[in-house]
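What follows is one structure encoded as structure tokens, with my remarks underneath.
Throughout, a chain's letter reflects where its sequence line sits, starting with A, and its residues are numbered from 1. Computation of the quantities below employed the complete heavy-atom set of this structure, encompassing side-chain atoms and omitting hydrogens, waters and symmetry-equivalent molecules.
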Amino acid sequence: MTRSADEFLICVIARMLDGAGHVAVGAASPIPGAAALLMRELTHGRLLVSMIHGRANNPFTDGGREVFDCAGQGRIDVFFLGGAQIDGEANINLVGTGDYPAVDTRFPGSFGSAYMYFVVPKVILFRHEHTRRVFVPKVDFISAPGVSPPGVYRPGGPKALVTGLAVFSFDEGRARFRLESVHPGHTVEEVLDNTGFDVDVREDVPTTPDAEPDRLALLRSTIGAEVADVYPDFAARVLGAAAAGAASPGAG
Amino acid sequence: MTRSADEFLICVIARMLDGAGHVAVGAASPIPGAAALLMRELTHGRLLVSMIHGRANNPFTDGGREVFDCAGQGRIDVFFLGGAQIDGEANINLVGTGDYPAVDTRFPGSFGSAYMYFVVPKVILFRHEHTRRVFVPKVDFISAPGVSPPGVYRPGGPKALVTGLAVFSFDEGRARFRLESVHPGHTVEEVLDNTGFDVDVREDVPTTPDAEPDRLALLRSTIGAEVADVYPDFAARVLGAAAAGAASPGAG
Amino acid sequence: MTSHETVEGLAARVPDGALLAIPPEYSFVPMAMVRALIRRAVRDLHLLAVPTGGLAADMLIGAGCVKTMEAAAVSLGEAGPAPRFTEAVTTGAVVMRDSTCPAVHSALQAAEKGVPFMPLRGLIGSDVLKHRDDWTVVDDPLGEGGGPIVLLPAIRPDVAVFHSPRADTGGNVWVGRRRELVTMVHAAKTALVTVETVQETDLLADEATAAGTLPALYVTAIAEAREGAWPLALAGHYDADAEHIRAYARQAKTPEGFRGYLDRHVFAPAVQAAS
Amino acid sequence: MTSHETVEGLAARVPDGALLAIPPEYSFVPMAMVRALIRRAVRDLHLLAVPTGGLAADMLIGAGCVKTMEAAAVSLGEAGPAPRFTEAVTTGAVVMRDSTCPAVHSALQAAEKGVPFMPLRGLIGSDVLKHRDDWTVVDDPLGEGGGPIVLLPAIRPDVAVFHSPRADTGGNVWVGRRRELVTMVHAAKTALVTVETVQETDLLADEATAAGTLPALYVTAIAEAREGAWPLALAGHYDADAEHIRAYARQAKTPEGFRGYLDRHVFAPAVQAAS
């Protein structure tokens, strides 16, 4: 079965949700969102998936603050964050490049990252584009820091990074990423060439396992329709699902 | 038209609500509650009355905290408090007599007084029983203090005290009550004899005006049924209104 | 996922020594659950009334289930003082932690938000504050001359309980405008809920009912209990049994009278069979 | 008591220089009101997005109504970056006060509760914090080794605005589960609400609808505005006009394109007649 790069990444991320109890997915996260819904299907609903801005799959009834309160209560196991820039200490920048506030390029903003990155035990960083433009030696603006000094309350933080080329783990003690696998058709050299910071590399880096055919089939049927509720454009483009037309362009 | 002592007090308190925008009434306050509902009727609804634990006349939809939040926002102009003991500095005791925590007599507790007394601009103290048992030189336990030292945030506080014998005003600067009027059939001497603390006395203390016949009629018709929603026993006993049976024994 | 059990099963989930949060008299009080807790003979509870207590607190105290009681007040409302509470606090059998309504709400909101404390205005100069060694007074930490302010540490109950008109099979529970229950449950580690009835229709499927629904993700277990708030009211469903409550207030004035009440209304085989 | 007016009447109640709170893209955005504000040429707004901004913020910024913008983010969601926001912040025409979602919620809750500040976990080590001179870091004031924590001063908007499916003649407004609107309005000095329709039936009369209702006591004035959230969605009532939003995103990339958009969709006589 042929699969797109997006479908592949959905399956890569889905595997990382094995064993989780509650995954929350924010706006503008269609690939993690699809991965979470896929994993919920595979666990027969044992995985709770909260799409913060969907109408379906959104259990929250206490307003926009509830997802943050819920995370603060320790009830969310996994969350996803991205970054216009990400550096080797897992600092993420969602605000802008250049000398803030006089930015050269402005991005939307930090959303809830400056909080969620601290309190959700397993934050998975996801960024499709794997270039030195994104993976920089030092971000220009720290929306949320990758690690915190002793004494700072931090039950959560980054555990993994998924890109269009590879999968990394993150060691909080050493504040360093480690290359865990390279996606089919790519090489360790290509990954390192396109990464602007130093990383550890595990021995005999394996190839990231490809998408499972049964999961691909599920994605294109059941899951596609669910994704369309929150990310109609994405669902139509990537999964061939009819946009439900039910979603507003979500943010924050 | 003959009237009961309770009906008289309802009319006394109603006059004190003239010009207010929003009066909140707590549990176990049937006389202030009836006064507020009477005044709402007389102002054709310009006075907003919030019965915290009624089902009717309860505008709150954000849970038990809303009335306190609402007061903190400055949206409540008048609130009522009582006291098992009240002293000359307007300290009130809703907790117990004796050496706390080893109390001799225990009362229900402070409810919201330790907060509302500070933030509601016009707190009217109301206690039917006017004896030296209630009006003591110094309360055994300060549920809420009558005055606060400079620097303590206190936009609110006691403005008046209504008892079964008299009406007092309260001067926050001097932390003293002043006798403003004595109810029909009673004397200044009787009031002072039954007050365990020193008060100022205005010159030529007038008699508290009696209940207005038109207001009494309103009380016994329209208002009685409304009071019964929150205080069914009281309404049945005092106003002859059929208990709606709709109220639970409210507290807090 | 939310578990569906019996009332006795729910009561068995409340361990001795738990910090147990209960709703105020006007808000979905789980009386069937309280009777089951007394039958289970739970001990050493730290009872938190949110923010005031009534019949449930009085019965649990009278039955010897309670070690400490935190509340802004405890009473039976129009039926008068709470007799078992009054005696237990006067004799020192139960340690009372006096609070004030907004302090209870705020401390639970702190736990709800995952912050260690919440500030609250008022309180300064009150003996409520003086006797709370867990409350801290600080000078305006913003340094803007706002004066001293009280910081209340978060309260995180081990268990929160309430009785609702209905849940759905997915474990979502109707709370309506009784939103103190939402905060109480958010703040607690587990939530045990009795309901009049469990319906098939998803309460979250319709925006109108979703607005008054506590999502299943916070609900540990649910049990059906018909008239589970009796003799208290369940707003919009049935009225309080005022006659019964007045009779309780009379009987519970003595330990013997209270024991007789329990025998008739808690331990009698017919009561247990109905629960 | 709540006043019933026109949308233009509501817009006239927003003074130049006001701290104006607006809902996020998924929550009852009052677009008809935004168009009226642009026609009224309001100036120097301090715009607070609760907690993120979208089309409403972008249009107000593009029309020169905004002096400072506080938000956790501003974007058009799937339609991409907010073009007028992006340009205004890059050129410095608008001063951006970067925040993070829970900080906006908490600061509004502080105002809702009448406390001067609220603590929030996280933030430490973030440049968001570094650039907020109004946020204070203190060592655990409870003295329990909880580490440093950030205190956020209360935000009290002058005006809060949103668009609801319905209000009743008494001024009570349906918000459903969009409870960020409740806190936003509680925190604000005045609240101006547009609605699809005003109904006779009291929303507070039924416990079921009361649960999702903002009481009139917080609502300054109401105006009817059919399709008042267009081109955004009104949950449960109509979907977003995604095609229109994408077209906006394209046209608003240049000042001229944006001006043309305003001419067609804000200033055109037909639009004004319909509002």
Side-chain angles (χ1 to χ4, degrees), chain B residues 27-28 30 52-53 55 60-69 71-72 91 93-96 100-119 139 141-145 147-149 151-154 231-234 243-252, chain C residues 24-27 49-55 71-79 81-82 85-86 89-90 92 95-96 98-103 105-106 109 120-131 145-149 177-183 232-233 235-236 239-240 242 245:
Chain B
I52 302 178
H53 299 136
R55 219 173 299 160
F60 296 121
T61 59
D62 200 27
R65 67 171 170 253
E66 187 173 1
V67 66
F68 306 105
D69 290 354
N91 298 308
N93 174 9
L94 295 158
V95 162
Y100 185 92
V103 291
D104 302 326
T105 307
R106 172 74 205 198
F107 310 120
S110 302
F111 290 95
S113 65
Y115 178 75
M116 296 296 264
Y117 214 24
F118 288 79
V119 299
V139 295
F141 183 97
I142 301 175
S143 285
V147 296
S148 298
V152 171
Y153 179 85
R154 185 152 197 180
Y231 314 103
D233 293 1
F234 173 84
S248 55
Chain C
E25 215 73 339
Y26 51 83
S27 173
V50 180
T52 57
L55 185 61
V74 181
S75 92
L76 298 181
E78 281 209 297
F85 160 78
T86 305
V89 171
T90 310
V95 174
M96 178 66 183
D98 270 287
S99 188
T100 186
C101 303
H105 293 304
S106 288
Q109 282 185 282
L120 185 66
R121 287 298 193 189
L123 286 171
I124 292 165
S126 162
D127 286 344
V128 175
L129 170 63
K130 186 171 136 190
H131 289 275
I149 190 161
R177 56 168 151 168
R178 298 272 41 103
R179 299 196 71 82
E180 58 277 354
L181 303 177
V182 173
T183 293
L232 300 178
D239 297 327
I245 297 165

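Interface remark: Leu129(C) contributes no atoms to any contact with chain B (heavy atom separation under 4.5 Å). Contact annotation for Ala235(C): both backbone and side-chain heavy atoms come within less than 4.5 Å of a heavy atom of chain B. With a 4.5 angstrom heavy-atom cutoff, Asn93(B) does not touch chain C via any of its atoms. No part of Arg154(B) comes within reach of chain C, as not one of its non-hydrogen atoms sits under 4.5 angstrom from that chain. If you measure heavy-atom distances from Thr183(C) to chain B, the contacts under 4.5 Å come from the side chain alone.
Note that the OH atom of Tyr117(B) and the OG1 atom of Thr100(C) stand 13.5 Å from one another [nearest 0.5 Å]. Taking CD1 of Ile52(B) as the reference point, atom SG of Cys101(C) lies at 8.0 Å (rounded to 0.5 Å).
Below 30°, between 30° and 60°, or above 60°: for His131(C) and Tyr100(B) the angle between ring planes is above 60°, a perpendicular geometry.
Residues Pro102(C) and Tyr115(B) share a closest heavy-atom pair of CG-CB, 3.3 Å. Nearest heavy-atom pair across Gly151(B) and Pro148(C) is O-CD, 3.5 Å. For the pair Phe107(B) and Phe85(C), the tightest heavy-atom approach, listed with the atom from each and the gap, is O-CE2, 4.3 Å. For Thr61(B) against Arg179(C), the heavy-atom pair with the smallest separation is O-CD, 3.6 Å.
A donor-acceptor pair under 3.5 Å links the side-chain atoms of Arg177(C) to the main chain of Phe60(B), judged by distance alone.
Your options are Val50(C), Ile124(C), Leu181(C), and the one with the most heavy-atom pairs under 4.5 Å with chain B is Ile124(C). Of the residues considered (Gly236(C), Gly147(C), Gly125(C)), Gly125(C) shows the highest number of contacts with chain B, using heavy-atom pairs under 4.5 Å. Contact count against chain C (heavy-atom pairs under 4.5 Å) is highest for Pro108(B) among Pro108(B), Pro101(B), Ala114(B). When each of Pro149(B), Gly109(B), Ala144(B) is checked for heavy-atom pairs under 4.5 Å with chain C, Gly109(B) comes out on top.
The only member of Ser143(B), Ser110(B), Pro145(B), Ser113(B) that meets side-chain contact (heavy atoms from CB on, under 4.5 Å) when paired with Ser126(C) is Pro145(B).
Side-chain contact between Arg121(C) and Phe118(B): absent, with no pair of heavy atoms (C-beta onward) separated by less than 4.5 Å.
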